[in-house]
Amino acid sequence: MIYAVIDTNVIVSAFITRHHDASTVKVLRHVISYDITPMYDEDILDEYRRVLSRKKFKIKADVIDSLIEMFLDQGIQMGRTPFAESMPDESDRVFYEISLSKDDSFLVTGNLKHYPVSTKVISPSDFVNMFGF
């Protein structure tokens, strides 16, 4: 089983890209097909809803609702493991702290610079390559 926290920017990119073979699309596709078990908490789901609902992305409400339902059905809700150090972008702390709650999990993000350097934090393309997706 592959456990991962999926950063919001990965999901947004998967929805708005025109490249069906993009790494972000592959990540989301493998969540949908149960190859990846997403980890989340309510703050993450709230951010997904809030960001995906922005008019500029033109994502329909029922699609957003389906995505959230999929995370609830297929994922695991986790508690946060506190990280005492400062972060480049404090609003991303929740994603990192959820990833810390499970030793064998990853944080998949397009914003590597927002997180501490860690083997847990990985780009969508490196994640896809690592697992041969």
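Looking at every heavy atom in both residues, Leu28 comes nearest to Ala14 through CD2-CB, 3.9 Å. Closest heavy-atom contact between Arg29 and His20: NH2-O, 2.8 Å. Across every non-hydrogen atom of Gly110 and Val10, the tightest pair is N-CG2, 3.9 Å. Across every non-hydrogen atom of Arg80 and Ile98, the tightest pair is CG-CD1, 3.5 Å. The two atoms that bring Ile6 and Phe95 nearest to each other are O-CE2, 3.8 Å, heavy atoms only. Considering all non-hydrogen atoms of both residues, Asp126 and Ser123 come closest at N-OG, 3.1 Å.
Taking CG from Leu52 and CD from Glu47, the interatomic distance works out to 9.0 Å, rounded to the nearest 0.5 Å. Separation of atoms CE (Met87) and CG (Asp92) is listed at 6.0 Å; rounding is to 0.5 Å. A distance of 12.5 Å separates CD1 of Ile16 from CD1 of Ile11, quoted to the nearest 0.5 Å. Atoms CG and CD, on Asp41 and Glu97 in that order, are 9.5 Å from each other to the nearest 0.5 Å. Rounding to the nearest 0.5 Å gives a distance of 13.5 Å between NE2 of His30 and OG1 of Thr37. Atoms NZ and OG, on Lys60 and Ser53 in that order, are 14.5 Å from each other to the nearest 0.5 Å.
In this structure, Phe15 has its ring center no closer than 6.0 Å to that of Phe57. Checked against a 6.0 Å centroid threshold, the rings of Phe71 and Tyr48 count as neighbours.
Among Tyr115, Tyr3, Phe131, the one residue that satisfies the ring pair (Phe, Tyr, Trp, His ring centres under 6.0 Å) test with Phe106 is Phe131. A side chain to side chain contact (heavy atoms under 4.5 Å, CB included) with Leu112 is found for exactly one of Val117, Leu107, Val121, Asp7, namely Val121.
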Decide side-chain contact (heavy atoms from CB on, under 4.5 Å) for Ser66 and Glu69; before the verdict, give the C-alpha distance in whole Å, the side-chain angles of both, and the deciding distance to 0.1 Å. CA-CA 5 Å; Ser66 294; Glu69 278 301 312; 5.6 Å; no

Chi angles and distances behind the side-chain contact (heavy atoms from CB on, under 4.5 Å) call for Gln77, Tyr40: CA-CA 5 Å; Gln77 186 168 2; Tyr40 65 88; 3.7 Å; yes

May I have the step-by-step check of side-chain contact (heavy atoms from CB on, under 4.5 Å) for Val5 and Val94, ending in yes or no? CA-CA 10 Å; Val5 178; Val94 62; over 6 Å; no

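Side-chain contact between Tyr96 and Pro116 is present, with at least one heavy-atom pair separated by less than 4.5 Å.
Within 6.0 Å of CG on Asp103 lie no more than 12 heavy atoms contributed by other residues, nucleotides or ligands.
The main-chain N or O of Asn9 is never found under 3.5 Å from a side-chain atom of Ser13 such that the two would form a donor-acceptor pair. Lys120 places a side-chain N or O within 3.5 Å of a backbone atom of Ser99 that can act as its donor or acceptor partner.
Residues Thr109 and Asn111 have side chains that never bring a donor and an acceptor to within less than 3.5 angstrom of each other.
Hydrophobic clustering keeps Ile59 apart from Val25 (ILVMFWY residues linked when any side-chain heavy atoms are closer than 4.5 Å, directly or through intermediates). If you chain together hydrophobic residues whose side chains sit under 4.5 Å apart, Val128 and Tyr34 never meet in one group.
Stacking of Lys26 on the aromatic ring of Phe133 is not recorded, the 6.0 Å distance cut-off and the 45° axial limit not both being met.
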